[in-house]
A.B. asks: 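The structure's right below; bear with me while I get my questions together.
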Protein chains: 2
Amino acid sequence: MPVGRRPGAYLCGTDAAMDIIDGKWKVSILWVPGERGTCRFGELRRRLPGVTEKVLAAQLRELEADGVVHREEYDEVPPRVEYTLTRSGLQLNEALEPLGSWGRRHVLGGAPAPR
Amino acid sequence: MPVGRRPGAYLCGTDAAMDIIDGKWKVSILWVPGERGTCRFGELRRRLPGVTEKVLAAQLRELEADGVVHREEYDEVPPRVEYTLTRSGLQLNEALEPLGSWGRRHVLGGAPAPR
DNA sequence: CCGCATCCCCCTGGATACTG
DNA sequence: CAGTATCCAGGGGGATGCGG
């Protein structure tokens, strides 16, 4: 699936974006790397309590196909793979900030937390 | 389900908000009323191509339980029900605007459309 | 006009085990 | 370390039909 999985079925830009974010762990995957914008597979796995390797790998591949995450494989032993937010991914992250503020205020009740 | 269906399981405000928005038609339901902020059931149904009455009613009830939509029933014949965005819902709508812009630029390719 | 009740299908995502 | 390979359960949501 290239960018978007429901071609021509969007009513507005918002649900087009939602289509890319759709997946239990995707916003967290975007969020974890934070300012640094890059993260290894194992680090992601540790910082997403409950995710399985299969699902994490699948969601990462979809985000990669959608052009928001870049996958860089280093030919080393032991293996190392870096996942980096693309320019588009960083901008998506920024676009999610207001939603995060809303969530903190209306769902979490103003609790302290990043974003 | 009151506000949020995954109590205490949120990594950040964003996925807390995502939990409320989670549902195939929810962002569209928020989007359709637009500035006016209010809409009838049948109007929603007509403007959401493909939605069934059962699913539309279900998602509306969840949005109501989450406090972003207010349901006003008028005792008339024929029946009339108005769905209005609450203050919280309007703010959620505003928080979704940047995401909509991003979706237009990165998914729809800068096509003209509201939000 | 505005729904609710039922039935059912598919797809996401979880559990577990194995490989380069 | 960074993944695949299977198997499987749960639930969202679509189709259809009835009720106030």
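Just the heavy atoms: all of them, side chains too, but no hydrogens, waters or symmetry mates, feed the values below. So you know, we letter chains A, B, ... as the sequences are listed, proteins then strands, and number each from 1.
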A.B. asks: Nearest-Å distance, CD1 (B:Ile29) to C1' (D:dG13)?
C.D. replies: 13 Å

A.B. asks: Could I get the full list of ring-ring contact (aromatic ring centres under 6.0 Å, His included) partners for B:Trp102, not counting sequence neighbours?
C.D. replies: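 B:Trp102 satisfies ring-ring contact (aromatic ring centres under 6.0 Å, His included) with B:His106 only.
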
A.B. asks: Between P on D:dG12 and CG on B:Asp22, what's the gap in Å once rounded to a whole number?
C.D. replies: 9 Å

A.B. asks: Once you round it to whole Å, what is the distance between P of D:dG12 and CE of A:Met18?
C.D. replies: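 Going from A:Met18 (CE) to D:dG12 (P), I get 15 Å.
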
A.B. asks: Expressed in angstrom and rounded to an integer, what is the separation of B:Lys24 atom NZ from C:dC11 atom C1'?
C.D. replies: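 Whole-Å distance recorded here is 12 Å.
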
A.B. asks: Distances under 3.5 Å between protein N/O atoms and the N/O atoms of nucleotides 2-4 of chain C, please, pair by pair.
C.D. replies:
unit_1 : atom_1 : unit_2  : atom_2 : d
C:dC2  : OP1    : B:Arg40 : NE     : 3.2
C:dC2  : OP1    : B:Arg40 : NH2    : 3.0
C:dC2  : OP2    : B:Gly42 : N      : 3.1
C:dG3  : OP1    : B:Arg71 : NH1    : 2.2
C:dG3  : OP2    : B:Tyr83 : OH     : 2.7
C:dG3  : N7     : B:Glu53 : OE1    : 3.0
C:dG3  : O6     : B:Glu53 : OE1    : 3.2
C:dC4  : OP1    : B:Arg61 : NE     : 3.2
C:dC4  : OP2    : B:Arg61 : NE     : 3.4
C:dC4  : OP2    : B:Arg61 : NH2    : 2.7

A.B. asks: Identify, with sequence neighbours excluded, every residue that meets salt bridge (charged side-chain N to carboxylate O under 4.0 Å, His left out) alongside A:Glu64.
C.D. replies: none

A.B. asks: So what does A:Gly23 hit on the nucleic acid, given a heavy-atom distance under 4.0 Å: a base, only sugar-phosphate, or nothing?
C.D. replies: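 If one applies the 4.0 Å heavy-atom cut-off, A:Gly23 turns out to touch the sugar-phosphate alone, with no base involved.
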
A.B. asks: Please round to the nearest 0.5 Å and tell me the distance separating atom CD1 of B:Ile20 and atom CG of A:Leu99.
C.D. replies: 9.5 Å

A.B. asks: Not counting sequence neighbours, which residues clear side chain to side chain donor-acceptor pair (under 3.5 Å) with B:Arg46? List them please.
C.D. replies: none

A.B. asks: How would you list, by chain and number, every residue that makes a side chain to side chain donor-acceptor pair (under 3.5 Å) with A:Thr84, sequence neighbours excluded?
C.D. replies: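 Once residues adjacent in sequence are excluded, the partners of A:Thr84 under the side chain to side chain donor-acceptor pair (under 3.5 Å) criterion are A:Thr38.
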
A.B. asks: Round to a whole Å and report the spacing from CG of B:Leu56 to C1' of D:dG13.
C.D. replies: 12 Å

A.B. asks: Could you list the residues that satisfy salt bridge (charged side-chain N to carboxylate O under 4.0 Å, His left out) with A:Lys24, not counting sequence neighbours?
C.D. replies: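 Once residues adjacent in sequence are excluded, A:Lys24 has no partner under the salt bridge (charged side-chain N to carboxylate O under 4.0 Å, His left out) criterion.
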
A.B. asks: Compare side-chain N and O positions of B:Gln59 against OP1 and OP2 of D:dG12 and report whether any pair is under 4.0 Å apart.
C.D. replies: no

